[in-house]
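Reading through the C-alpha cells given below for one structure.
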Amino acid sequence: MESVFAYQSSEVDWCEDNFQYSDQIAEYYNTVSNAGFFICAPLMMYLQHPYAQQRTLAVHFFWLMLIIVGIFSVYFHMTLSYLGQMLDEIAILWIISMAYAIWFPRSYFPSFIKNRHNFIAMVFVTSSISTLLTFVKPTMNAYALNCTTIHVLYMIFLELKKCTNQRIRRLTVITVFWWVLSITCWISDRVLCEFWRGISFPYLHSFWHVLITITVIHSTAVITYFDAMYEIPECLPEVQYWPSNSWLVGLPYLTVQSSRKLKDC
Ligand SMILES: CCCCCCCC/C=C\CCCCCCCC(=O)N[C@@H](CO)[C@H](O)/C=C/CCCCCCCCCCCCC
Ligand SMILES: [Ca+2]
Ligand SMILES: [Zn+2]
C-alpha cells in the first residue's frame, strides 16, 4: 500500500502541471499563492485586537487557525499527498467550525440550545463526526466544504434584511462579489481544465487562493460587525479600511471604541 506521505498519493490533482518548475514542489504556483494567508492573518490579528479585547480573545485563534490552513495547503500542493489533502481539508472544516462557535448569532440558536457554551459543544460534536466522515469519500470533501458557504450567505442575507447601515450593505455586496470570483476560479480549475491547458493557463487554483483570502477578510468584517451589534453595541462597532479608509483599495476590519473612551465598554 502506498504511504500517505508519498508524493501524488492523493486522488485530487489540480490543473497546474506537476513538477514543472521544481523537483521538490509538485504544483509551484498553487504552493506559493498561499503566501496571502501568512501575510494577512497576523495583520488582521493586529487590526482586530481592540474588537477581540472587548468581545473575546478567541477571535485571535481564528486567525492563527488560518495560518495553519495556509501551512497545510502549502504542504498539500507541494506533495499532492493523501496526508496533505486530509490535513488541508480537516483544517478548513475546523476553522469554519471555529467561526460558527464564535460568531453564530445567538438569536438563531436551535431552541434546545440554552447558551453559547451549549452551542460550542454542539459544534464540537458535529465537527468531530464530520472529521471522521472526511475519510469515507475524500474526493467529495472540498465540495462539501464549499457548500457550507450557502448557509453563511443565507445568514448574512437574513442579517442584511434588518440592517440599514449603507456602508455594511455595500461591504456585503463587495464580499459576495469576491466570493463569486473565488468560487468561479475553483470550479473552473476542476471542470474546465482541458480548456485552460489548451490556452496554456492552468493556474486558476492559485487565483482561488488569493481571492478566497480576500473573501475571508471581507466576510469576517461583515460577520464581526453583525456579531458586535448583538454582543457589544455599547462599543459603537464600525468598519474601517486598512491602510486607507477607502473601500476601493483597503482591507476591511472592525473597530470598537476603547474602554478608556467609553465607560461601559
Ligand atoms: C457565523 C459563521 C461564519 C462562517 C465564516 C466562515 C469563514 C471561513 C474561514 C476560512 C476558510 C478558509 C478557506 C481557505 C482554503 C485554502 C486552502 C484551499 O484552497 N484548499 C483547497 C485545496 O487546495 C480545497 O479544495 C478547498 C476547499 C473548500 C474551501 C471552502 C472555503 C469556504 C470559505 C467560506 C467563506 C465564506 C464566504 C462568505 C461569502 C459571503
Ligand atoms: Ca496538478
Ligand atoms: Zn489549494
Side-chain angles (χ1 to χ4, degrees), residues 7-8 10 12-20 25-34 36-37 40-41 44 62-63 65-78 80 84-106 108 119 123 134 138-160 171-183 185-187 189-190 193 196-197 202-224 226-227:
Y7 270 72
Q8 292 183 288
S10 166
V12 181
D13 190 347
W14 303 89
C15 195
E16 182 180 353
D17 292 324
N18 300 340
F19 304 107
Q20 209 188 6
I25 303 175
E27 295 178 334
Y28 184 82
Y29 284 104
N30 285 350
T31 302
V32 296
S33 56
N34 286 293
F37 293 118
C40 293
M44 294 314 293
F62 174 86
W63 297 109
M65 192 66 190
L66 195 65
I67 295 175
I68 293 173
V69 167
I71 292 170
F72 289 152
S73 183
V74 163
Y75 177 59
F76 175 36
H77 289 292
M78 231 182 112
L80 292 178
Q85 182 201 337
M86 298 313 280
L87 288 175
D88 177 63
E89 290 167 350
I90 292 170
I92 298 169
L93 168 68
W94 281 92
I95 195 176
I96 293 174
S97 307
M98 196 182 271
Y100 268 73
I102 302 171
W103 292 312
F104 190 83
R106 59 178 81 213
Y108 302 135
F119 183 73
V123 169
T134 59
T139 49
M140 294 312 292
N141 293 347
Y143 293 93
L145 286 167
N146 269 314
C147 284
T148 60
T149 310
I150 296 166
H151 186 243
V152 178
L153 275 170
Y154 174 65
M155 269 188 318
I156 290 178
F157 169 74
L158 290 182
E159 286 304 309
L160 210 60
L171 176 61
T172 308
V173 172
I174 296 167
T175 305
V176 173
F177 166 81
W178 284 116
W179 175 73
V180 170
L181 271 188
S182 315
I183 197 69
C185 287
W186 191 90
I187 295 172
D189 186 274
R190 291 271 72 189
C193 183
W196 294 112
R197 286 213 167 141
Y203 303 115
L204 272 277
H205 190 78
S206 52
F207 280 85
W208 147 268
H209 285 154
V210 176
L211 292 167
I212 196 67
T213 309
I214 298 172
T215 307
V216 168
I217 290 171
H218 280 68
S219 56
T220 48
V222 173
I223 290 163
T224 52
F226 291 138
D227 169 73

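Every number for a ligand or one of its atoms is a count from 1 in the order of the listing. Everything numeric here is computed off the predicted structure, so don't read it as measured data.
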query: For ligand 1, does Thr172 get within less than 4.0 Å through its side chain, its backbone, both, or neither, judged by non-hydrogen atoms?
result: neither
- request: Test Trp196 against Leu204 for side-chain contact (heavy atoms from CB on, under 4.5 Å), laying out the working first.
  value: CA-CA 8 Å; Trp196 294 112; Leu204 272 277; 3.7 Å; yes
message: Suppose we measure from atom 10 (C) of ligand 1 to each protein heavy atom; which comes out shortest, and what is that distance?
response: Ile95 CG2, 3.6 Å
message: To check your reading of the model: name the closest protein heavy atom to atom 4 (C) of ligand 1, its residue, and the distance in Å.
response: Ala99 CB, 3.6 Å
- prompt: How about the Ca ion (ligand 2), which protein N, O or S atoms come within less than 3.0 Å?
  reply: Asp13 OD1, Trp14 O, Glu16 O, Asn18 OD1, Glu27 OE2
field: Neighbour count >12 (heavy atoms, 6.0 Å) for atom OH, Tyr28
entry: no
message: Side chain or backbone, does His205 bring an N or O within less than 3.5 Å of an N or O on ligand 1?
response: yes
- request: With heavy atoms only and a cut-off of under 4.0 Å, state how His209 meets ligand 1: side chain, backbone, both or neither.
  value: side chain
Within-4.5 Å side-chain heavy-atom neighbours: Val123 and Phe104: no
field: Phe62 contact mode with ligand 1 (heavy-atom cut-off under 4.0 Å)
entry: side chain
statement: When every non-hydrogen atom of Thr175 is compared with those of His218, the smallest separation belongs to OG1-CB, 3.4 Å
- prompt: For ligand 1, does Val222 get within less than 4.0 Å through its side chain, its backbone, both, or neither, judged by non-hydrogen atoms?
  reply: neither
message: For atom 16 (C) of ligand 1, what's the nearest protein heavy-atom neighbour? Residue, atom name and distance, please.
response: Phe37 CZ, 3.6 Å
Phe72 near ligand 1 by a heavy-atom separation under 4.0 Å: no
query: Could you go step by step and tell me if Trp94 and Ile68 meet the side-chain contact (heavy atoms from CB on, under 4.5 Å) rule?
result: CA-CA 11 Å; Trp94 281 92; Ile68 293 173; over 6 Å; no
- request: If you have a sec, work out which protein heavy atom is nearest atom 39 (C) of ligand 1 and how many Å separate them, to one decimal?
  value: Trp179 CB, 3.9 Å
message: Ring-plane angle category for His77 and His205, please: parallel below 30°, perpendicular beyond 60°, tilted otherwise.
response: tilted
- prompt: Any nitrogen or oxygen of Trp14, main chain or side chain, under 3.5 Å from a nitrogen or oxygen of ligand 1?
  reply: no
- prompt: Do Leu87 and Phe76 have side chains that get closer than 4.5 Å, going by heavy atoms?
  reply: no
Atoms in ligand 1 with a heavy atom of Met155 nearer than 4.0 Å: 1 (C)
- prompt: Gln20 and Tyr29: side-chain donor and acceptor closer than 3.5 Å?
  reply: no
message: Taking Pro202's backbone N and O only, do any of them form a donor-acceptor pair with Arg197's side chain (distance below 3.5 Å, no angle check)?
response: no
- request: Run the numbers for me: atoms of ligand 1, each under 4.0 Å from some heavy atom of Ala142, listed by number.
  value: 25 (O), 27 (C), 28 (C)
- prompt: What are the two closest heavy atoms between Ser206 and Asn30, and how far apart are they?
  reply: N-OD1, 3.1 Å
Within 6.0 Å of CZ in Phe157, more than 12 heavy atoms from elsewhere: no
query: Starting from atom 25 (O) of ligand 1, which protein heavy atom do you reach first, and at what distance in Å?
result: Trp186 NE1, 3.1 Å
message: To check you understand the geometry: which heavy-atom pair defines the closest contact between Cys40 and Ile217, and what is its length?
response: CB-CD1, 3.6 Å
message: For atom 40 (C) of ligand 1, what is the closest protein heavy atom, and at what distance to 0.1 Å?
response: Leu153 CD2, 3.4 Å
field: Of the protein N/O/S atoms, how many lie under 2.8 Å from the Zn ion (ligand 3)
entry: 3
Sole candidate of Val32, Thr31, Asn18, Val74 that passes side-chain contact (heavy atoms from CB on, under 4.5 Å) when paired with Ile25: Thr31
message: Below 4.0 Å from ligand 1: does a non-hydrogen atom of Glu89 turn up there or not?
response: no
- prompt: Does atom OH of Tyr7 have more than 12 heavy-atom neighbours from other groups under 6.0 Å away?
  reply: yes
- request: Specify the protein heavy atom at minimum distance from atom 22 (C) of ligand 1: its residue, its atom name, and the distance to 0.1 Å.
  value: Asp88 OD2, 3.3 Å
message: Heavy atoms only, cut-off 4.0 Å: how does Gln85 contact ligand 1, side chain, backbone, both, or neither?
response: neither
message: Given 3.5 Å as the limit, does a donor-acceptor pair link the side chain of Asn34 with the main chain of Gly70, or not?
response: no
- request: Taking all non-hydrogen atoms of both residues into account, name the closest pair between Asp13 and Glu27 and its distance.
  value: OD1-OE2, 3.1 Å
message: Give me the atom names and distance for the closest heavy-atom approach of Ile156 to Thr172.
response: CG2-CG2, 3.5 Å
- prompt: So, Asp88 side chain and Gln85 main chain: donor-acceptor pair closer than 3.5 Å or not?
  reply: no
- request: Below 4.0 angstrom from a heavy atom of Ile92, which ligand 1 atoms are there? Numbered from 1 as shown, please.
  value: 15 (C), 17 (C), 20 (N), 26 (C), 27 (C), 29 (C)
- prompt: Do the ring planes of Tyr154 and His151 sit parallel (below 30°), tilted (30 to 60°) or perpendicular (above 60°)?
  reply: tilted
statement: Glu159 and Pro105 have their tightest heavy-atom pair at OE2-CG, 4.4 Å
- prompt: Backbone, side chain, both or neither: what part of Asn141 comes under 4.0 angstrom of ligand 1, heavy atoms only?
  reply: neither
field: Residue and atom name of the nearest protein heavy atom (relative to atom 34 (C) of ligand 1), distance in Å to one decimal
entry: Thr149 OG1, 3.6 Å
message: Tell me whether the rings of Trp186 and Tyr143 are parallel (<30°), tilted (30 to 60°) or perpendicular (>60°).
response: perpendicular
message: Heavy-atom contact check, 4.0 Å cutoff: does His77 meet ligand 1?
response: yes
field: Backbone or side-chain N or O of Trp208 under 3.5 Å from ligand 1 N or O
entry: yes
- line: Counting from 1 in the order shown, the ligand 1 atoms closer than 4.0 Å to a non-hydrogen atom of Ile223 are 3 (C), 5 (C)
